[in-house]
Amino acid sequence: MVTLLIIADDFTGALDTSVQFAVNGAGTRVVTGPCFDFGRVDPDVDVLVVDAETRHLPPKQAYDIVYAITKRAVAQRIPYLYKKTDSALRGNIGSELTAMLEAAGGKSLSFLPAFPRMRRCTKNGLHYIDGVPVHESVFGKDPFEPVTCSYVPDIISRQSGVPVSLRSAADAAEPVGQGTGPEILVWDAQTDDELENIGKALHASGGMRLTAGCAGFAAVLSKLLGLQKPREQAEICLFPKLLVISGSLNPITLAQLDYAEAKGFRRIRLTGEELLEHSYWDTPSGREQAAKWKELLDRHFCLLFDSSGLPPEGEAVSPSLHKRRERVAASCGALLKALLESGAESTLLVIGGDTLLGCMAKLGVAEVEPLCELEPGTVM
């Protein structure tokens, strides 16, 4: 029976949040698509994570999707709802928190955006990445969705008319939901202990039904909701070869790929045609290319494919940002399928939630079960 429903705005968030429960023994399932039928969930699933793919949508459309999912969850009497948000505050934060609060008919929703393990903290309502306000960090320079504000109440208020209150660990003992109308509570937190103490206080005061945040507070939920169960250690069986497919243009990712290349990993920068025309991999040239790369993988312990060869926006070959993202993800998926069909056998590392979804779509995969984290944020 589902105890907790998590609504994520992208697939990366769905995975790094869901694994917090899986490693503690909870039956956890991640599904794609907002219209998933709750009635067909396996009875041993405790935590259901729906990837709603609302990160890049207009605020009103994101609101409608989250509202509809929440309404169906309430009708199914799922006791706890969690709105997973990006740990760097990208996406439709305000509209999605408001949608869950209003659809559930709640008096308050507690939002805890901190993720101390990843050095992402909230102090006096300001969100920091590695000690820098998020809008001044690398996420303020994101080519697709730069974060332009670091004050969390202002970020919410841009898309919501619901009153926002700022809280800290010192306020945790006070009851929530005592105002004259619905409100969103933004909680400061700089350590895992603070997150846990706030969570304990919310649970004691009945404020756990509607919460939101990233993978940081999700790890606390696992304990508080009794979702820790004995389980056998997941057996990790990896192929000795490593195949990396990255559709991300995030500067952090590109720096990681540069580092790997400098350490001897063989890197292939996919061309504009290979990235923007996924039908290319069904052509004789595409299939021949995939077969050659499969042979290259046989000779190297690691092969990196990445999208840094994408033509700059504005060139004639380049569509809009949204279409570029879709096409790159679909092309990466088509490349992976071509490599597998040519006989490639390797451990697969996919970088970027959109890229992973594109790969899953080409392989006909709609559900995944997280096993563990190999490193924080790297989910198997």
Side-chain angles (χ1 to χ4, degrees), residues 1-8 13 16-28 45-50 66 70 73-74 76-85 87 96-98 100-117 120-123 125 152 156 162-179 181-231:
M1 175 183 173
V2 176
T3 298
L4 172 67
L5 173 71
I6 299 171
I7 305 175
D16 67 19
T17 303
S18 63
V19 76
Q20 308 303 321
F21 300 91
V23 296
N24 287 311
T28 309
V45 172
D46 306 298
V47 180
L48 179 66
V49 186
V50 176
V66 174
T70 303
V74 171
Q76 290 286 327
R77 301 184 183 278
I78 297 176
Y80 298 102
L81 307 177
Y82 188 69
K83 180 67 201 67
K84 164 63 175 70
T85 59
S87 63
E96 296 188 16
L97 297 186
T98 303
M100 176 172 282
L101 177 62
E102 294 180 346
K107 291 284 288 182
S108 68
L109 180 150
S110 285
F111 180 35
L112 298 95
F115 194 176
R117 268 200 307 153
R120 302 178 183 191
C121 304
T122 313
K123 182 179 180 181
V152 182
I156 296 171
V162 175
V164 180
S165 299
L166 195 58
R167 299 287 183 95
S168 69
D171 306 314
E174 299 178 11
V176 299
Q178 302 300 307
E183 61 180 342
I184 295 172
L185 309 177
V186 175
W187 293 86
D188 283 349
Q190 299 178 65
T191 67
D192 287 328
D193 285 343
E194 285 186 338
L195 283 178
E196 185 167 353
N197 290 337
I198 292 168
K200 288 177 179 177
L202 288 174
H203 194 265
S205 65
M208 291 291 286
R209 178 174 173 244
L210 302 177
T211 53
C214 60
F217 191 60
V220 173
L221 282 177
S222 178
K223 300 176 184 178
L224 295 178
L225 301 184
L227 294 172
Q228 293 182 319
K229 301 179 179 180
R231 63 170 283 178

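Worth knowing before you read on, the calculation uses all heavy atoms, side chains too, and leaves out hydrogens, waters and symmetry mates.
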Practice task
Go through the steps for Val162 and Glu102 under the test side-chain contact (heavy atoms from CB on, under 4.5 Å), then give the verdict.
Solution key: CA-CA 10 Å; Val162 175; Glu102 294 180 346; 4.1 Å; yes
Practice task
Any chance you could measure Leu210, atom CG, to Lys83, atom NZ, to the nearest 0.5 Å?
Solution key: 13.0 Å
Fill in the blank from the handout: The reported gap from OH in Tyr82 to CG in Leu225 (rounded to nearest 0.5 angstrom) is 11.0 Å
Fill in the blank from the handout: Closest non-hydrogen contact found for Glu183 with Leu185 is CD-CD2, 3.5 Å
Problem - 4.5 Å side-chain heavy-atom contact, Phe21 and Leu4 - result: yes
Exercise for the section: For the pair Val2 and Gln76, evaluate side-chain contact (heavy atoms from CB on, under 4.5 Å) and give the outcome as yes or no after the intermediate values. Expected result: CA-CA 9 Å; Val2 176; Gln76 290 286 327; over 6 Å; no
Problem - Inter- and intrachain pairs under side-chain hydrogen bond (donor to acceptor under 3.5 Å, both in side chains), touching residues 201-216, at least two apart - result: none
Exercise for the section: Just do the side-chain contact (heavy atoms from CB on, under 4.5 Å) check on Thr98 and Ile184 with the steps written out, would you? Expected result: CA-CA 8 Å; Thr98 303; Ile184 295 172; 4.1 Å; yes
Completion exercise
Rounding to 0.5 Å, atoms OG1 (Thr122) and CG (Leu195) come to a distance of 8.5 Å
Problem - Gap separating the CG atom of Asp192 from the CG atom of Asn197, nearest 0.5 angstrom - result: 11.0 Å
Handout entry: For the student: nearest non-hydrogen atoms of Phe115 and Cys214, plus distance
Key = CB-SG, 3.5 Å
Problem - Donor-acceptor pair, side chain of Glu194 and main chain of Gln190, under 3.5 angstrom - result: yes
Fill in the blank from the handout: Between Gly13 and Ala8 the two heavy atoms that sit nearest each other are C-CB, 4.3 Å
Handout entry: Closest contact, heavy atoms only, Val74 versus Ala104
Key = CG2-CA, 4.0 Å
Exercise for the section: Report the C-alpha separation of Asn24 and Leu227 in whole Å, then their side-chain angles, then the decisive distance to 0.1 Å, and conclude whether the side-chain contact (heavy atoms from CB on, under 4.5 Å) test is met. Expected result: CA-CA 7 Å; Asn24 287 311; Leu227 294 172; over 6 Å; no
Problem - Nearest-0.5 Å distance that lies between atom CG in Asp46 and atom OG1 in Thr28 - result: 7.0 Å
Practice task
Would you give the length of the straight line joining atom CE of Met100 to atom CG of Leu109, rounded to the nearest 0.5 angstrom?
Solution key: 7.0 Å
Completion exercise
Pro113 and Val152 have their tightest heavy-atom pair at CG-CG2, 4.5 Å
Practice task
Taking all non-hydrogen atoms of both residues into account, name the closest pair between Leu101 and Pro182 and its distance.
Solution key: CD2-CB, 3.9 Å
Handout entry: Residue among Val66, Ile156, Thr70 satisfying side chain to side chain contact (heavy atoms under 4.5 Å, CB included) with Glu96
Key = Val66
